[in-house]
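What follows is a set of notes on a single structure, which appears directly below.
Here the structure is a predicted model, which means the values were calculated and not measured.
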Amino acid sequence: MSVWDDLVGQEPVVAQLSSAAENDGGLAHAWLFTGPPGAGRVTAARAFAAALQCEEAPRGCGHCPSCHQVLQGTHADIEVVRPAGLSYGAAEARRLVLRASSSPSGGRWQIVLFEDADRATESAANVLLKAIEEPPARTLWLLCTPSPDDLLVTIKSRCRVVTLRTPPVAAVADVLVLRDGIDRDMAETAARAAQGHIGQARRLATNPEARERRAAVMSVPRRLTSVGPAVAAAEAIVKAAEAEAKVRTEELDDVETSAMRKALGESEKGRMPRGTAGALKDLADRQKSRATRAKRDALDRTLLDLASYYRDVLTLQLGTGSELLNVDLAPELRTSAADGRPEDTLRRLDAIMACRERLELNVNPLLAVEALTLALRTG
C-alpha cells in the first residue's frame with residue numbers, strides 16, 4: 001500500500017505529485033492544494049510530504065519508517081498546522097516561520113503542512129509571504145485552501161497549484177465497500193448524499209445518528225408551511241449544529257484542560273499555583289473559538305445538505321437527466337419539481353449560498369438561518 005492510495009479519484013494529482021517527488025532537483029518550495037470539501041486536500045498534501053521524506057524507491061512506498069511517521073503525524077521534520085479557531089493570527093505565524101527556518105533533523109526536507117490556510121488573517125498572511133518568498137534551502141510549504149482565491153495573490157503566485165476534484169460517487173462507494181466492509185447499497189447511498197466527501201460518506205454509512213441528523217435536515221423543505229414552522233425549523237437546525245459541535249469538541253476540551261492543569265502543577269485537592277490563571281484563560285479562549293468554528297462547520301454542512309435537495313429539484317425541473325443525490329427522496333422531489341418553477345428553485349439555492357456567506361461574516365447564526373428558512377418558504 002503506497003501513500004497515494006487514499007487519494008480517491010485523483011489520478012491526475014497522483015501523477016503530478018509522484019513525478020515531483022521523484023525529481024526533486026527543481027522542486028517548487030511552496031505548493032497550494034485546492035479543491036472542494038471532501039476532495040482530499042489535506043490527504044494529498046500529507047501523501048506528498050510522505051513521498052518527499054520517503055527512504056525507498058519509488059518514493060511514497062507507504063511502509064518505510066519515514067512514510068509511516070509522516071502518515072501517523074510523528075515525523076520530526078513535518079510541522080502540521082491546524083487552526084482550531086476562527087482565524088490564525090500574526091503572532092502564531094511568526095512562531096511558525098521561526099520553526100520552519102530550522103534545518104531538517106533527520107529527513108530530507110523541513111516541511112510545513114498548513115491546513116485551512118485561508119483562516120490566516122491578512123497580517124498573518126503577510127508574515128507567511130515573507131517566509132515563502134525566501135525560504136531556507138531545505139524548507140517546503142504545503143498550503144491547503146478550498147480555492148486559490150482564498151489566499152493573497154502574492155502568496156498564490158509563488159505556489160505550484162495542485163487542483164483536486166470532487167471524487168466520483170462510484171469511487172467513494174468502492175472505498176467504503178473495500179476498506180470499511182460497508183454494504184454496497186449503503187455505500188452508494190452515503191456516497192451520493194455526501195456529494196463525494198469521503199469522510200462525510202463514511203460517517204453517514206457507519207453512524208446511525210449522523211443519518212438521523214441528515215434526515216431531519218432533509219425534512220425541512222416540506223415543513224415550511226407557514227412563518228411559525230419556518231422559524232421553528234431554523235431554531236432546530238441551529239440547535240442540532242450546536243449539539244454536533246459539542247460532541248466533537250467537549251471531549252477534546254476536557255483532555256486539554258486536564259493536561260494543562262497537570263502541567264501547571266495542580267495539587268491533589270485541585271488547587272492551582274499562583275500565576276497560572278492567565279494560561280488557563282488563554283486555553284479556555286482557544287477552546288471557545290474552536291467550538292464556534294465547529295458550530296459554523298456543522299451549520300455549513302447542513303446548508304450543503306439543503307442545497308443538495310434543491311439541486312435535485314432543479315435537475316428534475318430542467319430535465320437534465322443527471323443522477324439524483326437524494327434517491328431515497330425521489331417521490332417527494334418529483335412532487336416539489338412539478339409544483340414549482342426553476343426560477344423559484346434558483347432563488348432558494350441563492351438564499352442558501354447567501355446564508356453561508358453571512359455565517360462567515362459573523363452574523364448571528366439563528367438570525368441568519370431564520371432569514372434563510374423564511375426565504376425558502378416563499379421562494
Side-chain angles (χ1 to χ4, degrees), residues 1-82 100 104-117 135 138-146 159-168 170-182 191 194 196-203:
M1 179 176 179
S2 78
V3 299
W4 312 111
D5 289 348
D6 287 334
L7 289 177
V8 179
Q10 307 292 348
E11 290 78 10
V13 169
V14 171
Q16 177 186 4
L17 297 179
S18 58
S19 177
E22 293 290 345
N23 304 284
D24 59 17
L27 194 64
H29 60 271
W31 294 71
L32 177 56
F33 294 79
T34 71
R41 299 185 299 267
V42 175
T43 301
R46 187 185 301 113
F48 188 39
L52 290 169
Q53 302 288 26
C54 183
E55 303 165 7
E56 305 290 340
R59 299 203 182 279
C61 66
H63 55 74
C64 72
S66 290
C67 283
H68 181 75
Q69 290 166 9
V70 174
L71 297 178
Q72 294 297 315
T74 59
H75 198 288
D77 294 325
I78 306 289
E79 183 69 31
V80 179
V81 182
R82 297 186 181 95
S105 61
R108 304 169 64 242
W109 301 92
Q110 180 72 246
I111 297 176
V112 178
L113 198 171
F114 197 150
E115 303 179 11
D116 298 319
R138 305 304 295 176
T139 296
L140 297 177
W141 290 81
L142 312 181
L143 310 177
C144 303
T145 69
C159 294
R160 181 74 58 81
V161 178
V162 179
T163 304
L164 292 94
R165 61 171 182 164
T166 299
V172 175
D174 287 342
V175 169
L176 297 181
V177 171
L178 297 176
R179 299 187 192 176
D180 300 286
I182 295 169
H197 191 304
I198 299 174
Q200 181 68 2
R202 184 172 285 112
R203 280 191 291 273

Original post:
NE2 of His75 to OG of Ser105: how many Å apart, nearest 0.5 Å?
Top reply: 7.5 Å
**OP:** Could you tell me which non-hydrogen atom of Ala117 sits nearest to which non-hydrogen atom of Leu143, and how far apart they are?
**Re:** CB-CB, 4.1 Å
Original post:
Nearest heavy-atom pair of Ile78 and Ala49: which atoms, and what distance?
Top reply: CD1-CB, 4.1 Å
Subject >> Smallest separation among heavy atoms of Asp5 and Ser2, with atom names >> reply: OD2-N, 3.0 Å
**OP:** Determine, step by step, whether Asp77 and Trp109 satisfy the side chain to side chain contact (heavy atoms under 4.5 Å, CB included) criterion, reporting the C-alpha distance in whole Å, the side-chain angles of both residues, the deciding distance to 0.1 Å, and the verdict.
**Re:** CA-CA 7 Å; Asp77 294 325; Trp109 301 92; over 6 Å; no
**OP:** Quick one: closest heavy-atom pair of Pro58 and Cys54, and the distance?
**Re:** O-SG, 4.3 Å
Original post:
Hey, is the main chain of Gln53 close enough, under 3.5 Å, to the side chain of Arg59 for a donor-acceptor pair?
Top reply: no
**OP:** Keeping the roles fixed (side chain from Arg165, backbone from Gly9), state whether a donor-acceptor pair exists under 3.5 Å.
**Re:** yes
Subject >> Identified side chain to side chain contact (heavy atoms under 4.5 Å, CB included) partner of Phe48 from the options Val70, Ile111, Leu17 >> reply: Leu17
**OP:** Measure the CG-OG1 distance between Leu164 and Thr43 for me, rounded to the nearest 0.5 Å.
**Re:** 9.0 Å
Subject >> Non-hydrogen atoms of Cys144 and Leu113 that approach each other most closely >> reply: SG-CD2, 4.2 Å
**OP:** For the residue pair Asp6 and Arg179, establish whether any side-chain heavy-atom pair is separated by less than 4.5 Å.
**Re:** yes
Original post:
Closest heavy-atom contact between Ala194 and Ala201?
Top reply: CB-N, 3.4 Å
Original post:
Hey, are the side chains of Ser66 and Glu56 touching, using non-hydrogen atoms and a 4.5 Å cut-off?
Top reply: no
**OP:** Please answer whether the main-chain N or O of Val80 pairs with a side-chain N or O of Glu115 as donor and acceptor at a distance below 3.5 Å.
**Re:** no
**OP:** Taking atom NE2 of His29 as the centre, report whether more than 12 heavy atoms of other residues, nucleotides or ligands fall under 6.0 Å from it.
**Re:** yes
Original post:
Heavy-atom distance under 4.5 Å between the side chains of Arg108 and Arg138, does that happen here?
Top reply: yes
Original post:
Do Arg202 and Leu176 have side-chain heavy atoms sitting under 4.5 Å apart?
Top reply: yes
Original post:
Got a second to check how far Leu71's CG is from Arg46's CZ, nearest 0.5 Å?
Top reply: 7.5 Å
Subject >> Side-chain donor/acceptor of Arg41 to backbone N/O of Gly35, under 3.5 Å >> reply: yes
Subject >> Separation between CD of Gln10 and OG1 of Thr163, rounded to the nearest 0.5 Å >> reply: 10.0 Å
Original post:
Looking only at atom types and distance, does a side-chain atom of Thr139 sit under 3.5 Å from a main-chain N or O of Ala100, one as donor and one as acceptor?
Top reply: yes
